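Worth saying up front: this structure is predicted, and the values here are computed from it rather than measured. Reckoned from all heavy atoms, side chains included, excluding hydrogens, waters and symmetry mates. One-based numbering, in listed order, for ligands and for the atoms of each.
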Amino acid sequence: MSAVVQSISSAAPEAERELTDGFNLIIDALKLNGLDTIYGVPGIPITDFGRMAQAAGIRVLSFRHEQNAGYAASIAGFLTKKPGICLTVSAPGFLNGLTALAHATTNCFPMILISGSSEREIVDLQQGDYEEMDQLAVAKPLCKAAFRVLHAQDIGIGLARAIRAAVSGRPGGVYLDLPAKLFGQVMDAEEGRKSLVKVIDAAPAQLPAPDSIKRALDVLKGAKRPLIILGKGAAYAQADDEIRQLVEKSGIPFLPMSMAKGLLPDLHPQCAGAARSTVLKDSDVVLLIGARLNWLLSHGKGKSWGDQPKKFIQIDIEPKEMDSNVEIVAPVVGDIGSCVSALLAGMGGAWQAPPAEWTTAIAKKRDENVAKMAPRLMNNNVPMDYHGALGVLRTIIAERPDAILINEGANTLDLARGVIDMHQPRKRLDVGTWGVMGIGMGYAVAAAVETGKPVLAVEGDSAFGFSGMEVETICRYNLPVCIVIFNNNGIYRGTDVNVAGDDPATTVFVKDARYDRMMEAFGGVGVNAISPDELKRAVNAAMDSGKPTLINAVIDPTAGSESGRIGNLNPQSALKKK
Ligand code: OXT
Ligand code: ADP
Ligand code: MG
């Protein structure tokens, strides 16, 4: 039911009118479009709006910092295919949320950042209003679309445009600017109701051209060493059955990008995750499904891809993505569900499996790598190394395949990605396209809220620090989140020394810090674990109880390497080597 703010009566009873206002119209518009959760931080001018939204049945989760609320909204978008909503105050709150909006856009997650803003007349004359900033102009280059609503009667259309922009085509972040004055604007309730828009078919199917399907199948048929790469776009698309059918019917080995792990289980016989270098180098035809040829795939060229000629087929909803780094010989533009279905239909009944020589070579490499890693995962060393600790977590995720794994850090990220097998789609959430630190607690809150599943957040000690205050949020909402901090006393390692003075080196933290006590401060469970056995017991207890838990896992400070597996990206000073 639409909210009605008041009824005013003039002298004549027939002139009695129901009124609504900006506050209520925004709430009604969100609800009408099934947007039932808001992640944000209250304050002028949106405090009352948050209260009223909560009273109207929208779940409003208050964070300690807008960036974390924004990351929560971004991953809510990824998990649900509906735009995640982040709500902030003006200027500084807006800017705090903006990093997450840019992150959503970069990662192709649908999200709407709604920020209150100060008085337009004063802002535009730069007369020094409270939290003055031309937020629309600032947001524009960092998101997919940006809109401002000045009149209550435009709220419905404004939100409809924001929703469509966020979820249609390549999903991304949208900014919606709501000046303070808008909230209190009053209008006739019936007119207000009529002004709302229920967005129909916000992300319509985009069918691929039949020629593009034929071309792709022709290239695939000619392959001797084909490979399918699944990216997080494939996970986002929720076309899990079609993708599985394509992989299994074709018999082609597949390589999951990190957030596509589990789309088909990592233990699937066709999974080439543990033979990554081999398949990139030696493949002759590569079918990309919802994965860009960006830095994470070495731009499709160079040493990682070997010197054999490659042919790329790419499925993507964004036509401009094609040929962005190397030539795409068979672009297939459309939504992944439709494209994969069309490929399946075109494959017909009899599809020639790839040559056994290729698949057995991959299986051999994979088995070698797995066998090499296996004994390292079983160690019970004190202090723990990454492998000992991760071996335990890998078993826990295998036993609880529907739990959501959140992962950030450098070594903590790169090693966990390889060690922890995923078994179901969209269960691994991590730093994404930018390799950004700080997604941890925001993602944890949203993952728990949106899915109702238990969450295990595996965090480097540095990574955790970017959003650590949200442990209070996790306790406040009593969410089933277990945080494991791989505490090696610093960024990459805890052993750096400043050779020139008394200050600590730039990458080290307070030695032997007890992050578990942060959790206890807010009523959650804190555990200090020094061995893999202790870690296992503590995580299992947390996952069984569903109580907010933080485990300080003490990791050997010498165990990590600079920047994990991407140390090659660090520029080097030639002078240093003199
Ligand atoms: O085939 P080969 O032989 O090559 O072997 C490969 C696989 O086949 C094999 N493999 C397996 N073997 C056996 N069994 C299994 N199951 C298996 N699975 C795979 O293993 C190898 C490797 O496989 P992988 O990992 O798939 O392959 P590879 O070559 O690594 O893949 C390349 C990439 C690029 C795809 C991959 O490396 C990747 O996805 N990397 C992402 C890296 C990333 O994003 N890193 C985060 C950023 S690092 C840095 O920027 C940090 N900062 C700066 C900072 C950031 N980021 N953000 C902000 C806002 N401010 C500052 C900071 C501050 S990290 C950081 C904090 C770090 O400290 P922490 O305390 O948090 O963390 P610690 O390091 O733990 O201390
Ligand atoms: P990864 O980092 O896992 O390699 P990327 O973020 O680079 O994945 O790529 C995701 C790609 O998926 C983007 O190019 C995006 O346009 C595309 N994409 C997202 N959703 C869909 C969809 N429903 N259908 C087709 N392509 C999609
Ligand atoms: Mg660390």
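- Contact residues of ligand 1 (protein heavy atom closer than 4.0 angstrom to a ligand atom; sorted by chain and number): G273, A274, A275, R276, S277, W295, L296, N369, V370, M373, Y386, G409, A410, N411, T412, L413, D414, R417, G418, V431, G435, V436, M437, G460, D461, S462, A463, F466, N488, G490, I491, Y492, R565, I566.
- Each of L535, V554, N552 was evaluated against I530; a single residue qualifies, V554, per the side-chain contact (heavy atoms from CB on, under 4.5 Å) test.
- Listed by chain and residue number, nothing satisfies the salt bridge (Lys or Arg N to Asp or Glu O under 4.0 Å) test with R161 (two or more places apart in sequence, or in another chain).
- Those atoms of ligand 2 with a heavy atom of G290 less than 4.0 angstrom away are 8 (O), 9 (O), 10 (C), 11 (C), 12 (O).
- With 3.5 Å as the limit, one finds a donor-acceptor pair spanning the side chains of T433 and K232.
- Screening residues 276-298 for salt bridge (Lys or Arg N to Asp or Glu O under 4.0 Å), with sequence neighbours left out, gives no hits.
- Distances shorter than 2.8 Å separate the Mg ion (ligand 3) from the protein N/O/S atoms D461 OD1, N488 OD1, G490 O.
- Under the 4.0 angstrom criterion for non-hydrogen atoms, A260 is not in contact with ligand 2.
- Counting heavy atoms closer than 4.0 Å to ligand 2, residue L297 contributes nothing at all.
- Using cut-offs of 30° and 60° on the angle between ring planes, the pair H268 and F254 is perpendicular.
- Without hydrogens or angle criteria, D335 side chain to G337 main chain gives a donor-acceptor distance under 3.5 Å.
- A distance of 6.0 Å or more separates the ring centres of F109 and Y236.
- Residue contacts with ligand 2 include G334, since one or more of its heavy atoms lies under 4.0 Å from the ligand.
- Ligand 2 has no nitrogen or oxygen under 3.5 angstrom from a nitrogen or oxygen of I315.
- In this comparison of K232, E318, R292, K261, the heavy atom closest to atom 3 (O) of ligand 2 sits on K232.
- By the 4.5 Å heavy-atom criterion applied to side chains, V41 and R64 are not counted as neighbours.
- Taking the six-membered ring where tryptophan is involved, the planes of H103 and Y71 are perpendicular, since the angle between them exceeds 60° and thus also 30°.
- For atom 18 (N) of ligand 2, the nearest non-hydrogen atom from the set A237, G233, S324 belongs to G233.
- For ligand 2, the polar-atom distance check finds an N/O of D316 within less than 3.5 Å of one of the ligand's N/O atoms.
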